[in-house]
Protein chains: 2
Amino acid sequence: MTPKIRISDVAAIAGVSTATVSRALSTPERVGKDTREKVLKAVRATGYRINAAARDLRQRRAGSILILAPNLSNTFFSRIFAAIQEEASAAGLIVQISDSRIGREKLATLGHDGRADGIILLDGGLDPELVNGWRLPVIQLCEWNAAYDAPVLTVDNSAAAGLAVEHLAGLGHRNLLHIEGPEGNVLATTRRDGFLKAVGDAGIDSAVFEGDFTMESGARAAHRWAALDRRPTGVFCASDECAIGFISEAIRLGFDVPGDVSVVGFDDIEFADRFNPSLTTIHQPREAIGRTGAQYLIGMLSDDGTPTAPDYSIAAHLVTRVSTGPAPQ
Amino acid sequence: MTPKIRISDVAAIAGVSTATVSRALSTPERVGKDTREKVLKAVRATGYRINAAARDLRQRRAGSILILAPNLSNTFFSRIFAAIQEEASAAGLIVQISDSRIGREKLATLGHDGRADGIILLDGGLDPELVNGWRLPVIQLCEWNAAYDAPVLTVDNSAAAGLAVEHLAGLGHRNLLHIEGPEGNVLATTRRDGFLKAVGDAGIDSAVFEGDFTMESGARAAHRWAALDRRPTGVFCASDECAIGFISEAIRLGFDVPGDVSVVGFDDIEFADRFNPSLTTIHQPREAIGRTGAQYLIGMLSDDGTPTAPDYSIAAHLVTRVSTGPAPQ
DNA sequence: CGGTATGATGTAATCGATTACTAGACATCG
DNA sequence: CGATGTCTAGTAATCGATTACATCATACCG
């Protein structure tokens, strides 16, 4: 490991003060041409790089925002990440992503000034006391927690669930099943409530199976569904992954989709369109969510005051594909 | 925004020196019981959190490792991230993930001391000069670049491609197609070369279509394949996503998989098992790669010397599922 | 030519923590 | 009882940058 090079080393080699080196790098126009070249030459010769910790400390900013998500394996997040990345990059900020399930102490440290200037939170399951203790601008995307003292940007999950029910009802299905998300999760709850309200309004029979958004839970639900006497002909899953799990298992059990059962997912992940049968699902504008959220957070960083934001709600829409069809006779 | 609280504020409230506050927090056993309680009470009252930038600067370590990946949307990475996260957590380190395609300057900054103690690199496409300029331990996982001066942990991609060819040949296929990865990518190259060598050894007809690992490229290749006079009956795709794209499009074009064409993927992502037909593919032990890589990097952090590591190569194996079958007559 | 504006550079304070060193209080021991 | 050791806690140096302020040289002006 080559010894670390400090700004004073560069200054010594270039024969100038550290202040001049610093200026030559951050505000080149404020340094004489000859001096600038001497400095840059010394920088190249030594391979000097600014020590981020020192700069962050002195400037009281990190030039970066942090995304906290509960599960990095979740395919749903990736497009959101990409959109945030783009917006942040345009604003000269670095994006760091971290798992939000890493223990209280670490989370508190991460969320405190020094390493990041703001936080984008995609997890509604953290301790509100912890989150509200952060002294940084925070914005919640997709998932939220009313106890967090931070603006929210999300789709109207309840209404979206209504769209799914409407679609299935329109196809003649009179007995619907919902496979819900994990207990306590706000998305799971609002989607389920939206489902129940919609079937209630439409006067349709319904049932709810527990699940947890995963393919495995969808597959398990397929078995429970197959064992029923009077099987629902339409299934609304709380996530696309769950829907894919349900369908694949149903097919393995010898059923036809959508011949025997129509399935609607939620999220419209990349695979939804390529799955076989391709998946009818609720499209969440993930790119727009990420982009708008990032813009908003970046705005919070520059404005000094606390811009009390109205919570946005973005429209979601149904994408009709092959996994849903007319109810069997 | 509440004013930031410094260690000196806590010290003043508790009526002790900053040194004592620091010790009470990091090495509680080295302060008297009463003092400790006074300090902790003041910490609770103020909501004080250590400023990470200041601590990192003084300690010359960040207590975190950085993962750089070229494309966070890639489903393939998620399981690796999770494994790294677990190992790092056990070692008391925080994991940060960043997109590796964020521009030279930012990358150089990120990769320099202050913010992270070590780097896990999943991108072989960066400027070697940049990477070798980092003054931090670096390890390459999965993808690599011979010009980087850092150990590598990966599967034998060439041999793995051979497994795919062997499998298809064993099923009687005599004319194989490979849909390769993006030009210049080391994984794409080694997989293609492994394919070509294996078909050469087996005396089997072959063709190679260009691709880029994505579903879209697989779908495009399906059209090209369908238009051929003498269609290969076995297809080996450079990634699972590509294979899924190929299959879904082939099915839309009216073909049967594996009836008309057998398809093998590469990676064994979560969806491979749930796709319809489920995907025969090369299983990469992603969890083992992430775990071993993280352990190795963590070792590099503690050992002072530069432990010249032998480059590991991990075995990959074929997982036979439904997307491959006997060659049609 | 004296006075002022301008631009380049250096000096030293500063960001907020950790920690080497020091010192006092008290216990222990020969 | 003096010497020595052990705890506890404070003082001040330190990490490596940025930047307010001071200084100096030069240009420009009436």
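We name chains A, B, ... by the order of the sequence lines, and we start the count at 1 in each one. Computed from a predicted structure; not experimentally measured.
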Original post:
If you look at every strand shown and take non-hydrogen atoms under 4.0 Å, does B:Val16 touch a base, only sugar-phosphate, or nothing?
Top reply: sugar-phosphate
Original post:
Just by distance, do the side chain of A:Thr292 and the backbone of A:Ala288 share a donor-acceptor pair under 3.5 Å?
Top reply: yes
Original post:
Which part of the nucleic acid, if any, lies within contact of B:Ser26, taking any heavy atom under 4.0 Å across all strands shown: a base, the sugar-phosphate backbone alone, or nothing?
Top reply: nothing
**OP:** Give, for atom SG of A:Cys142 and atom CG of A:Asp123, the distance between the pair rounded to the nearest 0.5 Å.
**Re:** 11.5 Å
Original post:
Considering only heavy atoms from C-beta outward, does the side chain of B:Leu153 approach that of B:Trp144 to under 4.5 Å?
Top reply: no
Original post:
What's the CZ-C1' distance between B:Arg36 and D:dC7, to the nearest Å?
Top reply: 13 Å
Original post:
Can you check the A:Tyr48 OH to D:dA17 C1' distance for me, whole Å?
Top reply: 6 Å
Subject >> Heavy-atom donor-acceptor pair, B:Thr20 side chain to B:Val16 backbone, under 3.5 Å >> reply: no
Subject >> Out of D:dA12, D:dA17, C:dA17, whichever nucleotide has its closest atom nearest the side chain of B:Ala19 >> reply: D:dA12
Original post:
Nearest-Å distance, CZ (B:Arg49) to P (C:dG16)?
Top reply: 18 Å
Subject >> Interatomic distance where CZ belongs to A:Arg23 and P belongs to C:dT11 [whole Å] >> reply: 11 Å
**OP:** Whole angstrom is fine here: how far is it from CZ in A:Arg30 over to C1' in D:dT19?
**Re:** 9 Å
Subject >> First encountered from the 5' end of DNA chain D, between B:Thr18 and B:Gln59 >> reply: B:Thr18
Original post:
Taking only N and O in the side chain of A:Thr35, is any of them less than 4.0 Å away from OP1 or OP2 of C:dA8?
Top reply: no
Subject >> Pairs where residues 38-53 of chain B contributes a residue and the test salt bridge (charged side-chain N to carboxylate O under 4.0 Å, His left out) is met, not counting sequence neighbours >> reply: A:Glu105-B:Arg49
Original post:
What nucleotide, of C:dT18, D:dA9, D:dT18, holds the atom closest to the side chain of A:Arg55?
Top reply: D:dT18
**OP:** May I have the distance from A:Lys4 (atom NZ) to D:dG16 (atom P), rounded to whole angstrom?
**Re:** 9 Å
Original post:
Does B:Thr190 reach the main-chain N or O of B:Leu187 with its side chain, forming a donor-acceptor pair under 3.5 Å?
Top reply: yes
Original post:
Atom CD1 of B:Ile7 to atom P of C:dT14: distance rounded to whole Å?
Top reply: 19 Å
Original post:
Rounded to the nearest Å, what distance is computed from the CG atom of residue B:Asn51 to the C1' atom of nucleotide D:dC15?
Top reply: 13 Å
Original post:
B:Ser22 side chain N/O closer than 4.0 Å to the phosphate oxygens (OP1, OP2) of C:dA17?
Top reply: no
**OP:** Taking A:Asn132 for its side chain and A:Leu130 for its backbone only, find out whether a donor-acceptor pair lies under 3.5 Å.
**Re:** no
**OP:** Return yes if the base of C:dG16 and the side-chain atoms of A:Arg60 contain a donor-acceptor N/O pair under 3.5 Å, otherwise no.
**Re:** no
Original post:
Has the side chain of A:Arg58 got a donor or acceptor that lies under 3.5 Å from a partner of the other kind on the base of C:dT14?
Top reply: yes
Subject >> Toward the 5' end of DNA chain D, by each residue's nearest nucleotide, B:Glu29 or A:Leu57 >> reply: B:Glu29
Original post:
Is the shortest side-chain N to carboxylate O distance from B:Lys4 to B:Asp9 below 4.0 Å?
Top reply: no
Original post:
Axis-to-axis angle across the helix from C:dC1-D:dG30 to C:dG30-D:dC1, five pairs an end, to 10 degrees?
Top reply: 50°
